[in-house]
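Below you'll find the structure, written out as structure tokens, and then a few comments.
This chain uses plain numbering: 1 for the first residue, then up along the sequence.
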Amino acid sequence: MRAPDEFHTERLRLRPVRRTDAEEIFRTYASEAAPTRFMPFERHRDIAESVAFAERCEESRKSGAAFPWAVTDKTSGTLMGVLELRLAPPKADFGYIFGEPFWGRGFAGEAASAVVAWAIAQPEIFRVWATCHPGNAASAAVLRKAGLSYEATLANWESRPQLDEIAGSSDCYALTRPPR
């Protein structure tokens, strides 16, 4: 099962992450404290870390292990963030990160809504889910906008280096449909 290479929404183009995106990834969010605060990876201290991430994105897409998209402004092509979908029928999960200048304008919800709608429409997928830090109200709002509903708080779910959490809790949100 493979996800589309691109999605187009009213304002956005989601396209595969490329190695050449590394500098923009580093500058837009990966090296910044605010966007990485709740993330399970350490903030990038060096452009080489963003290059390695972009290369992992290319390889993941090629192998089908995951489908990362650069979320870009449809008009200017500016990279705003990255959204990644992992397909493991009967379920799919996703995560995303956006640079702080793009917060609060509906971009994350618009991108997530497009990917969630595609995923849940696939005959093999009956559950689309994502998690966020219990203190991240903005991320929870994005997940609800994309059609997911809160299910539970998962104890000791993931590490968050920027918060010094070795095993922090996560709120789980999901959209499900009954088998046909």
Side-chain angles (χ1 to χ4, degrees), residues 1-9 12-33 35-74 76-100 102 107-108 110-133 139 142-143 146 148 157-162 167-168 170 172-174:
M1 170 172 223
R2 297 198 60 85
D5 282 340
E6 294 195 2
F7 285 97
H8 295 268
T9 68
L12 305 174
R13 174 183 176 219
L14 282 68
R15 57 145 177 90
V17 173
R18 301 181 294 248
R19 185 184 193 285
T20 55
D21 293 323
E23 187 177 315
E24 212 169 355
I25 287 168
F26 183 79
R27 186 180 62 253
T28 301
Y29 71 81
S31 65
E32 298 296 315
T36 59
R37 180 173 182 228
F38 294 118
M39 301 309 286
F41 61 84
E42 289 199 26
R43 188 169 71 236
H44 293 185
R45 307 275 183 210
D46 182 290
I47 187 68
E49 292 174 284
S50 295
V51 170
F53 168 74
E55 289 173 344
R56 190 228 17 115
C57 287
E58 287 181 332
E59 184 53 41
S60 294
R61 179 171 288 280
K62 187 188 307 182
S63 73
F67 299 92
W69 292 275
V71 181
T72 64
D73 179 275
K74 196 181 246 185
S76 69
T78 300
L79 187 142
M80 301 174 177
V82 170
L83 187 150
E84 181 174 291
L85 177 70
R86 293 161 293 274
L87 297 167
K91 60 191 176 293
D93 75 283
F94 70 99
Y96 57 88
I97 184 169
F98 279 72
E100 193 172 7
F102 307 106
F107 296 127
E110 189 174 326
S113 293
V115 171
V116 168
W118 175 85
I120 201 68
Q122 302 313 297
E124 304 94 331
I125 300 296
F126 298 92
R127 173 185 187 79
V128 180
W129 64 278
T131 62
C132 68
H133 187 280
S139 192
V142 167
L143 298 177
L148 283 67
W157 185 252
E158 67 186 352
S159 121
R160 293 189 185 87
Q162 283 69 242
S170 288
C172 182
Y173 288 77

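Contact between W69 and P16 at its shortest, heavy atoms only, is CD1-N, 4.1 Å. Taking all atoms of both residues into account, the shortest heavy-atom contact from C172 to T131 is CA-CG2, 4.1 Å. The minimum heavy-atom distance between A30 and T36, with the atom names listed, is O-CG2, 3.7 Å. Heavy-atom minimum distance, R18 versus A54: O-CB, 3.6 Å. For the pair G95 and R86, the tightest heavy-atom approach, listed with the atom from each and the gap, is N-NH2, 3.7 Å. A119 and V128 make their closest contact through CB-CG2, 3.8 Å (heavy atoms, listed as atom of the first residue, atom of the second, distance).
Judged purely by atom type and a 3.5 angstrom limit, S63 uses its side chain to pair as donor or acceptor with the backbone of S60. In this structure, R61 contributes its side chain and P68 its backbone to a donor-acceptor pair below 3.5 Å. The main-chain N or O of P161 is never found under 3.5 Å from a side-chain atom of E42 such that the two would form a donor-acceptor pair. The backbone N or O of T72 sits nowhere less than 3.5 Å from a side-chain atom of R13 that would complete a donor-acceptor pair. Side chain of Q122 to main chain of W118: a donor-acceptor pair is present (N/O by atom type, distance under 3.5 Å, no hydrogens or angles). Formation of a donor-acceptor pair under 3.5 Å by the T9 side chain with backbone atoms of L12 is found in this model. Side-chain atoms of E124 never come within 3.5 Å of backbone atoms of P89 as a donor-acceptor pair (strictly under, hydrogens ignored).
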Exercise. Given the rule in the side chain to side chain contact (heavy atoms under 4.5 Å, CB included) test, do F53 and I25 qualify, once you have shown the distances and angles that lead to the verdict?
Worked result: CA-CA 9 Å; F53 168 74; I25 287 168; 4.0 Å; yes
Exercise. Given E32 and I97, is the side chain to side chain contact (heavy atoms under 4.5 Å, CB included) satisfied, shown in steps?
Worked result: CA-CA 11 Å; E32 298 296 315; I97 184 169; over 6 Å; no
Exercise. Where do F102 and T28 land on the side chain to side chain contact (heavy atoms under 4.5 Å, CB included) test, with the steps shown first?
Worked result: CA-CA 10 Å; F102 307 106; T28 301; 3.9 Å; yes
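Ion pairing between R56 and E84 holds under the 4.0 Å rule for side-chain N and carboxylate O. Of the charged side-chain nitrogens involved, at least one lies within less than 4.0 Å of a carboxylate oxygen, so that R19 and E55 count as a salt-bridged pair. A salt bridge does not link R45 to E49: none of the charged side-chain nitrogens sits closer than 4.0 Å to a carboxylate oxygen.
With rounding to the nearest 0.5 Å, the separation of CD in Q162 from CZ in F38 is 11.0 Å. Put simply, CZ on F94 and CG on L148 are 5.0 Å apart, with the number rounded to the nearest 0.5 Å. In this structure, CG in L87 is found 9.5 Å from CZ in R2, a value given to the nearest 0.5 Å. Taken from CZ in F98 to CG in L79, the straight-line distance is 9.0 Å, to the nearest 0.5 Å. Interatomic distance, CD of E110 versus CG of L83, reported as 12.0 Å (0.5 Å rounding).
Other residues, nucleotides and ligands contribute more than 12 heavy atoms inside 6.0 Å of the CD atom of E100.
Side-chain contact between Y96 and V115: absent, with no pair of heavy atoms (C-beta onward) separated by less than 4.5 Å. M39 has its side chain out of reach of R160: every pair of non-hydrogen atoms, C-beta onward, lies at least 4.5 Å apart.
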